[in-house]
Amino acid sequence: VDPTRRELLSATGKLLLLTGAAGIAWEHVLAGSPEAAPNYQRSKHWWAMLMDVDKCIGCGKCVRACKAENDVPLDARYFRTWVERYQVPPVDPRDPQRESLPLVDSPNGGYDGFPDLGAAASGSKTFFVPKMCNHCAHSPCTQVCPVGATFESEDGVVLIDKDYCLGCRYCVQACPYGCRYIDPRSNTAEKCTLCYHRITKGLTTACCEVCPTGARQLADLKNPADPIHAYLREHKVQVLKPGMATGAKIYYANLDGSVR
Amino acid sequence: MTGLPGVEGFMYPNEIELQWSILIVLYPYLTGLVAGAFILASLERVSGVEALRPTYRLALLSALAFLLVAPLPLQLHLGHPERSFEMYLTPHTSSAMAMFGFVYLWYLMAVLVVEIWLDYRKEIVHWSQTETGWTRWVYRAMTLGSTNVSPAALALDDRVGRLVTIVGIPSAFLLHGYVGFIFGSIKANPWWSTPLMPIVFLFSALVSGIALILLLYPIVAWAKRLPVSMRCLDAMGGLLLYAFLIDFALEMLDLLHRVYEADESFKTLDFMVHTKLYFPHIIVQIFLGTLVPIGLLTLAKVVKLGESGRRGLYLTSAVLVLIGIFAMRWNVVIGGQLFSKSFLGYTTYKLHFAAREGLLPALLLLLLPFGILLVLLRLLPPYAHFTHEEGAGPA
């Protein structure tokens, strides 16, 4: 039986409504609800990280893992972590006073690893430096945020409430380490969260998880059993730009003085 | 990163894109014009510099016109302008930017609008009774229900107005000094981070505000077919010269300090000034925008020139100063983002034309205050004392 026009319109209308509702519901399913971490107590942790420059091989796994885990745009201008390659030229005995700057590169943030330098690097001291947010205890980015959208959590992680961020970019200017960017999709500031969704469930960060040499190690300074304590007792470590007095909590072992 | 267009040497990857555009250049520029114009007006009111009297009301109205536009470039720049009101509702007290919102509001509502209202109150009451049509209703609303213009009431207006001006001068200093602090307090950026920044911003604001009125006064007078008070122009020219000498001395002090200390950022900044910033900094800001007008203004003071000669020198200087101070804001805001915080590389600012943060909206925002000023001039004519009789007051 051919449907009447009224029946056809009614059926189409219902179908449209149902599809719309299903679409919205599906979006909700995809977005998921905020993950709960019922056993996590913020006051019991104080997060930091240890980077061993001598162990980093510049493979870029951490950069790829971070982008995948945290939905970072796959563009060469947005990174929550990246790797730099330093080539520090040797002192020339014939002209020791001549100051030569290190050559630094980070193609696509080290996402694809690094091209071989070949003979170009001969004579230079070459090493890789993984970089990310320093989760400063006195973070300049938090200080300048006009609405408090970025904050230091009780467990020592600098986070951003992107539903509150104005996108004024003052924090991007205030970070001495270049760790922040504006996500072109949300028009809000973004940065490393120290994989907060993972560490609050007893996991390590995505970058530490995939690092094949253990160059990156998540550390909990409030946990007396954390191996970081023994490491800090027995090794010389440094933070980036100590003169900035930001209370940076990414400790670098074997860091060269030329690194900025 | 090497190999990227517009990048020399090494930038941290997140630094390649500039964060603050020409709109953020406009913001301190417009705010500076406000503060400068207001301080000029206050000088007449509080210090009784009689020669400046013709420009008193024009300066106040110009300050208001520019102040109304000053936050617009910020709004247009925000990723989420709809959330900007949060700065007032839930301000973060350690943020210079959040506190600026309150300084701005204080200055607009408690100083500028009140001072203009008190100064015009007698006329507003008069117009509300004599005008016809819709303007009558506008003036009626502007009386705020207060129609008492007895000598006692006017004397009270004057006393309160003087008090507002006295509060207003430090407020104007605060307004623009604060803009300087927004940049000067960023320790991550050596091009910005200097305690001199607020005071350099303040004096450059004063200079630009005087230049604006020095330019607007003869133009408005010419448009209204009113004679221009040469005594007023001379006074403004002199004031501009002295303010400029202080401003230039402060900037040179900053430069000297940087060169002498030569800290770790020096080579990078020095290289930038000699390459990417050479034209806007050395040529436009220092040479055309500072040395040439200082020379011209000195010439007008020491050489015996006729009225038209002096007028020509003043107007040329005013135009150059307005361009030079714009270049100064550009060099601070854009210049501060052209080098890497690793001190190992440089990026390029690409100015688009018809984009949200492009040249076109910037030009429109720069023209908008003049449009507002036209309305204000129509509504609150400042011509009553526009030309004091030459030689009537104390010289």
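The chains referred to below are lettered A, B, ... by the order of the sequence lines, with proteins before strands, and numbering in each begins at 1. Here the structure is a predicted model, which is why all the values come from computation and not from measurement.
- The closest side-chain donor-acceptor pair between Y164(A) and T90(B) falls under 3.5 angstrom.
- The NZ atom of K162(A) lies 9.5 Å from the NE2 atom of H80(B); values are rounded to the nearest 0.5 Å.
- For the options V147(A), L166(A), V144(A), heavy-atom pairs under 4.5 Å to chain B are most numerous at L166(A).
- In this structure, the separation between CD1 on I186(B) and CD on Q173(A) is 7.5 Å, given to the nearest 0.5 Å.
- In terms of heavy atoms, R83(B) sits closest to T188(A) at NH1-CG2, 3.9 Å.
- Counting heavy-atom pairs under 4.5 Å between each of K241(A), R180(A), R77(A) and chain B puts R77(A) at the top.
- At a threshold of 4.5 Å between non-hydrogen side-chain atoms, the residues E84(A) and F10(B) count as touching.
- At a threshold of 4.5 Å between non-hydrogen side-chain atoms, the residues R260(A) and Y12(B) count as touching.
- Of the residues considered (C145(A), G178(A), P140(A), A174(A)), C145(A) shows the highest number of contacts with chain B, using heavy-atom pairs under 4.5 Å.
- Using a 4.5 Å cut-off between heavy atoms, L78(B) touches chain A through backbone and side chain atoms alike.
- No part of L74(B) comes within reach of chain A, as not one of its non-hydrogen atoms sits under 4.5 angstrom from that chain.
- Contacts of S193(B) with chain A are absent, with no heavy-atom separation under 4.5 Å from either backbone or side chain.
- When all heavy atoms of P146(A) and M97(B) are compared, the closest pair comes out as CG-SD, 4.0 Å.
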Steps toward side-chain contact (heavy atoms from CB on, under 4.5 Å) verdict (Y181(A), I16(B)): CA-CA 10 Å; Y181(A) 59 91; I16(B) 291 161; over 6 Å; no
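- For E82(B), no part sits under 4.5 Å from any heavy atom of chain A, backbone or side chain.
- Of all the heavy atoms in P13(B) and G109(A), the pair that sits closest is CG-CA, 4.4 Å.
- Distance check: Y177(A) OH to S342(B) OG gives 14.0 Å after rounding to the nearest 0.5 Å.
- Here the side chain of W82(A) pairs no donor or acceptor atom with the backbone of N14(B) at under 3.5 angstrom.
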